[in-house]
Amino acid sequence: ATPLRMAMAPNALERELDHQINKLVSYPIGTTGMDGDVFVSFVINTEGKVEVLNAFSENEELCAYVLDKLNKVDIGTNPGGLWKTTHMRFRFHPEA
């Protein structure tokens, strides 16, 4: 999967978020019908966990897969609690 960020400012928390998403969210190997796009809007709470505001995909199973993986993200404390809404598109297409 290739996450595409709409806006990005390179601070330490955002770099850690990118690192964890790249580590956790990958094409689900060994499955069929798991291709398409998943659009997600989220913020990071004060505990460093993802709080999904909105998620959409025409492939419900793929959307559930992405939400499960995002639920495992933990970037460490975000004491200020400040986080702009992040919009991401995850593209899943099998390699040829």
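For reference, positions follow the sequence shown, starting with 1.
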Output the distance between atom [atom1] ([X]) and atom [atom2] ([Y]), rounded to the nearest 0.5 Å.
{"X": "Leu17", "Y": "Trp83", "atom1": "CG", "atom2": "CH2", "value": "5.0 Å"}
{"X": "Met88", "Y": "Asp18", "atom1": "CE", "atom2": "CG", "value": "6.0 Å"}
{"X": "Ile21", "Y": "Glu16", "atom1": "CD1", "atom2": "CD", "value": "10.5 Å"}
{"X": "Phe56", "Y": "Arg89", "atom1": "CZ", "atom2": "CZ", "value": "13.0 Å"}
{"X": "Asp37", "Y": "Arg91", "atom1": "CG", "atom2": "CZ", "value": "4.5 Å"}
{"X": "Tyr27", "Y": "Asp35", "atom1": "OH", "atom2": "CG", "value": "5.0 Å"}

Can you sort out the partners of Asp74 under side chain to side chain contact (heavy atoms under 4.5 Å, CB included), two or more places apart, ordered by chain and number?
-> Lys49
Of the non-hydrogen atoms in [X] and [Y], which two are nearest, and what is the gap between them?
{"X": "Ser41", "Y": "His87", "result": "OG-ND1, 2.8 Å"}
{"X": "Gln20", "Y": "Val73", "result": "OE1-CA, 3.5 Å"}
{"X": "Leu67", "Y": "Ala55", "result": "CD2-CB, 3.8 Å"}

side-chain contact (heavy atoms from CB on, under 4.5 Å) with Leu53: which of Thr86, Val40, Thr85?
-> Thr85
Are any non-hydrogen side-chain atoms of [X] and [Y] less than 4.5 angstrom apart?
{"X": "Tyr65", "Y": "Val38", "result": "no"}
{"X": "Phe90", "Y": "Leu70", "result": "yes"}
{"X": "Ile44", "Y": "Leu13", "result": "no"}

Only counting residues at least two apart or in another chain, list the ones meeting salt bridge (Lys or Arg N to Asp or Glu O under 4.0 Å) with Asp68.
-> Lys72
Can Phe92 and Val66 be said to form a side chain to side chain contact (heavy atoms under 4.5 Å, CB included), step by step?
-> CA-CA 10 Å; Phe92 295 88; Val66 169; 3.6 Å; yes
Quick one: list whatever passes side chain to side chain donor-acceptor pair (under 3.5 Å) with Glu61, sequence neighbours left out.
->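 By the side chain to side chain donor-acceptor pair (under 3.5 Å) rule, Glu61 matches no residue at all.
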